[in-house]
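In what follows, chains carry the letters A, B, and so on, assigned in the order in which the sequence lines appear, proteins first and then strands, with residues in each chain numbered from 1.
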Protein chains: 2
Amino acid sequence: MPKKITNKERITIKQVAEKAGVSTATVSRVINNSPLVTKKLKTRVGRLIEELGYYPNRSARHLRTNKICRIGVLFADISNPFFTSVLAGIESALQKAGYILLLGNSNENPQTELLHLNAFIEEGVSGIIFAPTTNSLSRYEKIFNLGTPLLTFDRIVDGLKVDTISINNSDAAYHATTHLIKLGHKDVAFIGGPQKISTAKLRQIGYQQAMQEAGNLPQRIIIGNFRQDGGYEAMQKLINLPNKPSAVVISNNLMTLGALQCIHEHGLLIPNDIAIVGFDDMPWFASLQPPLTVVAQPTYEMGTIAARMLIDRIQNPNNPIQRIILETQLIVRKSCGYQLGSLDSIEIDTPTRFI
Amino acid sequence: MPKKITNKERITIKQVAEKAGVSTATVSRVINNSPLVTKKLKTRVGRLIEELGYYPNRSARHLRTNKICRIGVLFADISNPFFTSVLAGIESALQKAGYILLLGNSNENPQTELLHLNAFIEEGVSGIIFAPTTNSLSRYEKIFNLGTPLLTFDRIVDGLKVDTISINNSDAAYHATTHLIKLGHKDVAFIGGPQKISTAKLRQIGYQQAMQEAGNLPQRIIIGNFRQDGGYEAMQKLINLPNKPSAVVISNNLMTLGALQCIHEHGLLIPNDIAIVGFDDMPWFASLQPPLTVVAQPTYEMGTIAARMLIDRIQNPNNPIQRIILETQLIVRKSCGYQLGSLDSIEIDTPTRFI
DNA sequence: TTGTAGGCGTTATCAA
DNA sequence: TTGATAACGCCTACAA
């Protein structure tokens with residue numbers, strides 16, 4: 001008869017105590033490095049713990065102490081390299097601080113988002129970092145009222161009184177647009193994103209402002225979905241126009257990729273036929289032909305700062321709310337071309353960062 | 001005197017029971033959708049739960065039932081787009097199955113890896129997906145003996161009897177190398193990776209085999225660190241050689257990026273001066289100049305399958321161990337050049353995937 | 001159909 | 001310095 005294989009039961013503090021001939025209290029003290037235990041006992045019990053393969057049960061601990069180092073992180077689009085880089089930053093900071101990272105992906109879907117937020121609460125996380133899918137205050141009020149510290153990154157929910165970290169979106173788009181205008185482009189188009197996402201709206205405002213200040217230049221805005229196919233379609237529309245724009249600001253990284261593909265497929269030359277400023281620098285943007293001029297966001301830093309802010313908030317719940325806005329950097333490469341006499345106003349090439 | 005703001009206490013089943021004038025058992029039954037409760041009571045208690053903002057405490061639940069839907073995922077390099085894509089696949093599958101994802105990043109550091117694995121165990125995860133940093137069986141034996149289902153992806157630990165999913169690494173490198181040889185290259189170099197990583201070793205073997213079978217062509221292998229700077233340095237070494245190779249197989253994506261940068265900086269032309277086959281297709285590889293010929297791995301699928309395998313294992317602990325090997329695809333673009341008379345043996349261009 | 005009560009693994013209080 | 005014990009929030013026999 002085959003031996004029935006059962007799941008191994010986990011060693012508990014009780015079993016360690018029995019084997020050691022001490023009380024569970026003592027074992028607990030050893031685990032928690034209490035100074036009360038004699039050195040001799042400590043080493044003896046410690047060895048036994050190692051030997052038996054005892055691992056503390058965090059659920060029990062959590063229940064008893066109501067303290068736990070877990071943080072929920074909820075992304076809007078996990079496969080977007082922008083988010084990935086932020087995630088890397090968050091992970092690094094949380095790891096250093098000894099926090100466990102619970103990860104979720106809302107996929108830009110408010111329903112899914114709520115599911116994850118609830119799950120995080122049930123898991124008892126001591127804080128949540130997330131990129132909200134909508135700008136609707138009421139959607140987040142219930143969670144907010146629970147008192148678990150929240151921090152939104154990249155995007156802002158109007159009226160939600162939580163710490164936030166984001167970039168200066170309107171400025172970023174403003175500078176990108178102005179860069180093109182200074183190079184002599186009068187017909188600069190803009191590929192924007194879903195209006196319910198605050199970053200999309202702000203970048204659009206920056207573009208509009210730049211066009212207005214430059215003498216009320218005619219604006220052309222196409223809205224995409226912030227993904228690659230959206231960028232492709234948007235660029236398609238622009239190219240098919242009777243009076244194709246001479247330059248385009250593309251307001252997000254994936255759409256930039258799609259737009260590039262579209263441009264290549266039409267056999268258009270950058271920057272001669274069409275000039276481009278993209279969003280979010282990526283290590284490979286410098287290897288594109290031509291190397292891409294982009295607005296670079298400090299993504300990794302955004303992640304580390306977000307995590308540190310949240311941990312700080314957990315420790316000091318009553319400190320005033322913080323809203324951090326990081327500045328972006330326009331990295332000028334070769335996708336906008338040059339025009340004599342205007343070079344003085346252009347920033348210098350930034351070397352590619354090795355990440 | 002300022003009112004002392006205290007953290008809101010969380011509503012418990014007991015408080016709901018009191019308010020509702022029922023026992024905690026009844027509330028518990030309502031939460032768990034027990035068919036025993038009358039409809040009327042169910043709706044009444046249900047409404048109260050909603051009203052009071054009650055969230056079940058999963059730690060307590062876990063303690064009591066010893067069941068919990070948490071899975072630990074440990075990556076070796078979270079900022080590598082290859083891993084990111086796998087993560088997206090895992091997340092998607094876990095979300096569908098109702099599992100919470102605990103994420104860690106070992107950063108290729110065995111110490112950090114162990115810390116995370118231990119933390120996962122303490123969190124009581126019902127399974128762990130990870131990319132081992134080493135090929136040392138003894139390193140994972142303790143965790144293995146605990147009985148928590150393990151699954152390694154991308155890499156394999158010799159002798160570790162757990163489910164695995166990986167690609168056919170030697171085949172992939174073999175085909176990449178053969179592709180170049182068939183195009184007429186006799187002097188194909190190889191940029192490899194750390195030997196403690198199984199994928200690096202296997203890809204190297206594939207290269208060696210191809211060179212041997214092609215009439216014992218002279219092999220040139222440079223070992224990099226699987227990161228961008230490593231690829232740069234390795235390519236630098238190759239370029240500085242008195243007899244520079246005419247073609248190079250680069251065994252990972254980040255090193256490909258670095259190698260490209262090096263090639264550009266030296267003003268060399270691809271494929272005329274040097275032909276390239278890279279590893280891991282990325283959406284933007286098609287937009288490079290010239291578009292890159294690569295070995296494409298089904299990364300996202302690897303993630304979804306890994307997650308499903310692990311969940312299956314959790315439910316059927318005694319099923320036989322599975323080792324899944326996914327085939328790769330050589331995507332021929334323009335970084336290897338063409339040679340008349342040899343085109344028949346080359347696969348056809350694959351269209352860029354929209355992810 | 002609902003209620004009572006014990007216990008999951010841990011820690012903290014109190015007594016020894 | 002160590003031990004006994006209650007309690008954290010929840011679920012589930014078992015009793016009613």
Side-chain angles (χ1 to χ4, degrees), chain A residues 7-46 48-49 52-70 119 121-126 146 148, chain B residues 7-46 48-49 52-70 119 121-126 146 148:
Chain A
N7 262 350
K8 275 174 199 130
E9 295 298 321
R10 256 175 77 164
I11 305 289
T12 71
I13 221 175
K14 211 165 147 189
Q15 297 170 51
V16 177
E18 255 172 43
K19 283 263 183 190
V22 298
S23 74
T24 59
T26 301
V27 180
S28 172
R29 288 190 187 105
V30 171
I31 296 164
N32 293 291
N33 237 315
S34 159
L36 291 171
V37 195
T38 50
K39 230 177 185 164
K40 223 175 149 181
L41 238 190
K42 205 174 199 163
T43 52
R44 187 160 69 85
V45 174
L48 209 54
I49 283 173
L52 293 176
Y54 165 79
Y55 292 80
N57 179 327
R58 289 199 186 174
S59 287
R61 231 178 217 182
H62 180 204
L63 185 60
R64 177 63 233 242
T65 64
N66 208 17
K67 279 194 186 70
I68 193 137
C69 292
R70 291 207 269 251
I121 295 296
E122 296 187 6
E123 290 284 351
V125 296
S126 26
L146 255 34
T148 300
Chain B
N7 262 350
K8 275 174 201 132
E9 295 298 323
R10 253 175 77 165
I11 304 289
T12 71
I13 220 176
K14 211 166 146 189
Q15 296 169 52
V16 177
E18 256 172 40
K19 283 265 183 188
V22 298
S23 74
T24 59
T26 301
V27 179
S28 174
R29 289 190 188 106
V30 171
I31 295 163
N32 293 291
N33 239 316
S34 159
L36 290 171
V37 196
T38 49
K39 230 174 186 167
K40 222 173 151 182
L41 238 189
K42 203 174 200 165
T43 53
R44 187 158 71 85
V45 174
L48 210 54
I49 283 172
L52 293 175
Y54 164 79
Y55 290 80
N57 179 327
R58 288 199 188 176
S59 289
R61 234 180 216 181
H62 180 204
L63 186 59
R64 176 60 234 251
T65 62
N66 208 17
K67 278 195 185 70
I68 193 141
C69 293
R70 292 208 268 250
I121 296 295
E122 295 187 7
E123 291 284 352
V125 296
S126 25
L146 254 34
T148 300

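Within the structure, side chain to side chain donor-acceptor pair (under 3.5 Å) contacts touching residues 34-45 of chain A (residues at least two apart or in different chains) are Asn33(A)-Lys42(A).
Proximity of Thr26(B) to the phosphate of dT2(C): no side-chain N or O atom is located under 4.0 Å from OP1 or OP2. Of the side-chain N and O atoms in Tyr55(A), none sit less than 4.0 angstrom from OP1 or OP2 of dT10(C).
Listed by chain and residue number, Lys19(A), Ala20(A), Glu51(A), Leu52(A) satisfy the side chain to side chain contact (heavy atoms under 4.5 Å, CB included) test with Leu48(A) (two or more places apart in sequence, or in another chain). Residues satisfying the salt bridge (Lys or Arg N to Asp or Glu O under 4.0 Å) criterion with Glu18(B), sequence neighbours excluded, are absent altogether. Residues forming a salt bridge (Lys or Arg N to Asp or Glu O under 4.0 Å) with Arg58(B) (at least two apart in sequence, or on another chain): Glu122(A), Glu123(A). For Thr26(A), the side-chain hydrogen bond (donor to acceptor under 3.5 Å, both in side chains) test picks out Ser23(A), with sequence neighbours left out. Among residues two or more places apart in sequence or in another chain, the side chain to side chain contact (heavy atoms under 4.5 Å, CB included) test is passed with Ile13(B) by Thr24(B), Val27(B), Ser28(B), Ile31(B), Tyr54(B).
Between the CD1 atom of Ile121(B) and the C1' atom of dG9(C) there is a distance of 17 Å, rounded to whole Å. Between the C1' atom of dC10(D) and the CD1 atom of Ile11(B) lies a distance of 16 Å, rounded to the nearest Å. Distance CD1 (Ile13(A)) to P (dC8(C)): 14 Å, rounded to an integer number of Å. Rounded to whole angstrom, the span from the NE2 atom of His62(B) across to the P atom of dC8(C) amounts to 14 Å. Protein atom CD1 of Ile68(A) is 12 Å distant from nucleotide atom C1' of dT10(C), rounded to whole Å. Rounded to whole Å, the distance from CZ on Arg58(A) to P on dG9(C) is 17 Å. In this entry the distance linking CD of Glu18(A) with P of dG9(C) reads 12 Å, nearest Å. Rounded to whole angstrom, the span from the CG atom of Leu41(B) across to the P atom of dT1(C) amounts to 11 Å.
Comparing atom distances between the Ala25(A) side chain and each of dG3(D), dC10(D), dT2(D) picks out dG3(D) as nearest. In the set dG3(C), dT10(C), dT2(D), the nucleotide with an atom closest to the side chain of Val22(B) is dG3(C).
Arg61(B) contributes no side-chain N or O that, together with a main-chain N or O of Lys67(B), makes up a donor-acceptor pair within less than 3.5 Å. With Ser126(A) contributing its side chain and Arg70(A) its backbone, the two residues share a donor-acceptor pair below 3.5 Å.
One N or O donor and one acceptor, one from the side chain of Arg29(A) and one from the base of dG3(D), sit under 3.5 Å apart.
Listed by residue number, the members of residues 32-39 of chain B with any heavy atom below 4.0 angstrom from DNA chain C are Leu36(B), Val37(B), Thr38(B).
Distance check, rounded to the nearest 0.5 Å: CG of Asn57(A) to CG of Leu63(A) gives 9.5 Å.
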Mind listing the N/O atom pairs, protein and nucleotides 6-8 of chain D, below 3.5 Å?
residue: dA7(D); atom: N3; partner: Arg64(A); partner atom: NH1; Å: 3.4
residue: dC8(D); atom: O2; partner: Arg64(A); partner atom: N; Å: 3.3

